[in-house]
Amino acid sequence: MTAVLLKAVSFVSIIIMGYLLKRAGFFQAKDFYLISRIVIKITLPAAIVSNFSRITMDYSILFVCVIGFLCNCVTVAAGYVMYARRTKDARAFAMINMSGYNVGNFTMPFVQSFLSPVGFAATSLFDAGNAVMCTGMTYTLASMVIGEEEKPSLKKAVLNLFSSAPFDAYVIMTALRILNIKLPSVLVTIADTAGGANAFLALLMLGIGFEIRMEKEKMSHILRILGVRYIIAVLMAVGFYFLAPFGLDVRRALVIVSLGPVSSVAPAFTGALNGDIETASAINSLSIVISIAAITAALIILL
């Protein structure tokens, strides 16, 4: 318990450090995007290569990819149903801002620090399924709700997926492990070094991007979305841990990812639909705070 709390405190400290350095002027808002590119295009793919290189693929955990996709479907549907009697814009907003999982930038540092490479692989596979929705499918569905998109664009969704370096790394490393092909040791060593920086940079980036600005009258709207989101998350976490037909490390990974924050791209997609970006950003930032507490509590119970 002490080790978990100390690690969680260190994670929170890095996030706070990023936020305070931004407030002090050391970082600018634009630095978020620079560090984000480093994480998404370099350190996260490296961490994926590093951890996948250390496992023997159990074919049963490939189904975790489907679970990641289905979890998004559940939260998107919940957002639609919850605001079924509201305006189309409100339904689209809830669909986008209640769904998705910030795995690469948030959950991965926890998984890297507390779980085995098998747990990391399961988390990566979950994120592959999650990415199918987060990188465009959820946005397309929300666009259809408000009448801006006649039908889903499969070509666009596929192009978005394979333009993501982490997703490409998931696919390539999963294929290599299935075929039992090992990378040269020098490449694994480079991946170990670069991937080791992923947790720190991802958490620092969260601190730089953290911002909560909202009107008081919007608070009930925010709390409603987050309340339903985390009720679903807890139910999923309990179900995964006690009912999923996987080994302990995989079930622990599913608990952690299900308690993760809302997808980091939700505010951007909200803006693309001319929605309330300020409220979407507040939901995103508050979900990070809630997820830190929820995942820490889960780790104390599970480890």
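Quick note: residue numbers are just sequence positions, from 1.
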Nearest non-hydrogen partners of [X] and [Y], listed with the distance:
X      : Y      : result
Pro117 : Asn51  : CB-O, 3.7 Å
Met108 : Gly104 : CB-O, 3.7 Å
Ile222 : Thr279 : CG1-CG2, 3.6 Å
Val4   : Phe114 : CA-CE2, 3.8 Å
Val255 : Ala298 : CG1-CB, 4.1 Å
Ala46  : Gly195 : CB-N, 3.5 Å

Honestly curious: do [X] and [Y] fall in one hydrophobic cluster under the side-chain, below-4.5 Å linking rule?
X      : Y      : result
Ile231 : Val289 : no
Val111 : Val9   : no
Ile277 : Ile208 : no
Leu235 : Phe242 : no
Ile40  : Phe52  : no

- [ ] Evaluate side chain to side chain contact (heavy atoms under 4.5 Å, CB included) for Phe167 paired with Val171, printing each intermediate quantity in order.
- [x] CA-CA 6 Å; Phe167 185 81; Val171 172; 3.6 Å; yes

Kindly compute the distance separating [atom1] ([X]) from [atom2] ([Y]), expressed to the nearest 0.5 Å.
X      : Y      : atom1 : atom2 : result
Asn105 : Ser36  : CG    : OG    : 5.5 Å
Thr270 : Asp89  : OG1   : CG    : 11.0 Å
Ile288 : Ile283 : CD1   : CD1   : 12.5 Å
Leu259 : Thr296 : CG    : OG1   : 10.5 Å
Leu70  : Met236 : CG    : CE    : 9.0 Å
Leu226 : Met219 : CG    : CE    : 9.5 Å

Under a 4.5 Å cut-off applied to non-hydrogen side-chain atoms, are [X] and [Y] in contact?
X      : Y      : value
Tyr83  : Ile225 : yes
Met98  : Val262 : no
Arg54  : Val188 : yes
Val257 : Tyr101 : no
Cys71  : Phe240 : yes
Leu273 : Ser143 : yes
Ser99  : Met133 : no
Phe106 : Ile292 : yes

Using modelled atom types only, decide if a donor and an acceptor are shared between the side chain of [X] and the backbone of [Y] within a distance under 3.5 Å.
X      : Y      : value
Arg91  : Tyr80  : no
Asn72  : Phe69  : no
Lys22  : Phe27  : no
Asn284 : Ser263 : yes
Arg252 : Leu302 : yes
Tyr230 : Ser287 : yes
Thr107 : Asn102 : yes
Thr138 : Cys134 : no

Open item on the list: Phe63 vs Tyr59, test: ring-ring contact (aromatic ring centres under 6.0 Å, His included). Steps then yes/no.
Closed with: CA-CA 8 Å; Phe63 187 71; Tyr59 297 127; over 10 Å; no

TODO: Decide whether a cation-pi geometry holds between Arg251 and Tyr241; the criteria are a distance under 6.0 Å from NZ or CZ to the six-membered ring centre and an angle within 45° of the ring axis.
DONE: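 Satisfied, under 6.0 Å and within 45°.
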
TODO: Check whether NZ of the Lys or CZ of the Arg Arg23 lies under 6.0 Å from the centre of the six-membered ring of Phe210 and within 45 degrees of that ring's axis.
DONE: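 The answer is no; the distance or angle limit is not met.
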
Task: Derivation of the side chain to side chain contact (heavy atoms under 4.5 Å, CB included) call for Arg224 and Arg229 - done: CA-CA 8 Å; Arg224 186 180 183 191; Arg229 158 82 181 202; over 6 Å; no

- [ ] Take Val250 and Val118, measure what side chain to side chain contact (heavy atoms under 4.5 Å, CB included) needs, and give me the verdict at the end.
- [x] CA-CA 7 Å; Val250 176; Val118 173; 4.0 Å; yes

Task: Under the side chain to side chain donor-acceptor pair (under 3.5 Å) test, residues paired with Ser258 that sit two or more places apart - done: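 Listed in chain order: nothing, the list is empty.
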
Task: Modelled atom types, side-chain donor and acceptor of Ser50 and Asp192, under 3.5 Å - done: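 Distance-only check passes for Ser50 and Asp192.
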
Using atom types as modelled, flag every donor-acceptor pair under 3.5 Å from a side chain in residues 122-129 to any protein atom, sequence neighbours excluded.
unit_1: Thr123; atom_1: OG1; unit_2: Gly119; atom_2: O; d: 2.9
unit_1: Ser124; atom_1: OG; unit_2: Phe120; atom_2: O; d: 3.0
unit_1: Asp127; atom_1: OD1; unit_2: Asn130; atom_2: ND2; d: 2.9
unit_1: Asp127; atom_1: OD2; unit_2: Tyr170; atom_2: OH; d: 2.6

Open item on the list: side chain to side chain contact (heavy atoms under 4.5 Å, CB included), that's the test. Do Met137 and Val76 meet it? Break it down for me.
Closed with: CA-CA 10 Å; Met137 191 60 70; Val76 169; over 6 Å; no

